[in-house]
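A short worksheet on the structure shown next.
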Amino acid sequence: MKLDPAGDRALVRRMLAGQEAAFEEFFAAYFPALFRFASVRLRDAVAAEEVVQAVLCRALTKLSSYRGEAALFTWLCTFCRNEISAYCNARGRTVRVDLAEDLPEVRAALESWAAHNPDDPESALRRREVATAVQTTLDRLPHRYGDALEWKYIDGLTVAEIGQRLGLGPKAAESLLARAREAFRDGFLSLARERRPAEAK
């Protein structure tokens, strides 16, 4: 989605003024993007549609709080991430987070827990626990860090595309990603130590 801070602020002002065309533009622009965001994590089109509808309705009630400090899509993704977590928690589901397969720190934790017996029936449980720890860690990071990591490792965006979404040049985006990974690593390893079964400590 093309970054347009001035356009985002103008669109929000028009919606706050009650312009029907602005609401139609908002839904047409952001429903598909948020649907892709949710679908990657839920792997369920019906669930993704339900979540996105809830996100957009919630966002409309919070429009007056949008200050344009982040892209409108980034702001909406924060609502979407929270709504996905709430949806899954209410149904006893685990959010699918492929970041668990891509970050070395997470792979190391998975391999460590599975090392003694790869056929252990608890392996699937361990993997779900790791995925939950990943999502929890992401949710605790500053929004820009969490968004950048998800866009890089889950959505497969390039550094340039991430920079465009965040209003940063490529070098600044690369630097932010490095800081985000460091913050994620520290947070994840701390959480993983807390959750690791006693026998694995």
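Keep in mind that the numbers below use all heavy atoms, side chains included, and drop hydrogens, waters and symmetry copies.
The structure places CZ of F37 at 10.0 Å from CG of L76, a figure rounded to the nearest 0.5 Å. Between atom CZ of residue R144 and atom OG1 of residue T78 there is a gap of 11.5 Å, rounded to the nearest 0.5 Å. Annotation: the span from E83 atom CD to L56 atom CG amounts to 10.5 Å, rounded to 0.5 Å. If you take CD on Q53 and CZ on F31, they are separated by 5.5 Å, rounding to the nearest 0.5 Å.
Between W75 and F79, the ring-plane angle classifies as perpendicular under the 30° and 60° cut-offs. Between Y30 and F73, the ring planes are parallel. Angles under 30° get that label, and only those over 60° would be called perpendicular.
Side chains of L42 and E50 form no contact here, defined as non-hydrogen atoms less than 4.5 Å apart. For the pair D147 and R165, the minimum side-chain heavy-atom distance is 4.5 Å or more.
The nearest pair of heavy atoms linking A45 to F35 is O-CE1, 3.4 Å. Between R58 and N82 the shortest heavy-atom distance is NH1-CB, 4.3 Å. Residues C80 and V51 approach most closely at SG-CG1, 4.2 Å, considering heavy atoms. Residues A148 and L176 come closest through the heavy atom pair CB-CD2, 3.5 Å. The two residues V52 and A38 have their closest heavy-atom pair at CG2-CB, 4.0 Å. Smallest separation of non-hydrogen atoms from L72 and Y66: N-OH, 3.3 Å.
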Side-chain donor-acceptor contacts of residues 13-24 below 3.5 Å, not counting sequence neighbours, with atom names and distances?
unit_1 : atom_1 : unit_2 : atom_2 : d
R14    : NE     : Q19    : OE1    : 3.3
R14    : NH1    : E25    : OE1    : 3.1
R14    : NH2    : E25    : OE1    : 3.3

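Not counting sequence neighbours, the partners of A180 by the side-chain contact (heavy atoms from CB on, under 4.5 Å) test are Y145, L149. With sequence neighbours excluded, the residues satisfying side-chain hydrogen bond (donor to acceptor under 3.5 Å, both in side chains) with E161 are T158.
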Would you please test F188 and F184 for ring-ring contact (aromatic ring centres under 6.0 Å, His included) and show each step? CA-CA 6 Å; F188 175 79; F184 176 87; 5.7 Å; yes

Between W151 and L166, is a side chain to side chain contact (heavy atoms under 4.5 Å, CB included) present by the stated rule, with each step listed? CA-CA 11 Å; W151 291 335; L166 295 174; 3.7 Å; yes

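S175 and R179 share a donor-acceptor pair across their side chains, judged by distance under 3.5 Å alone.
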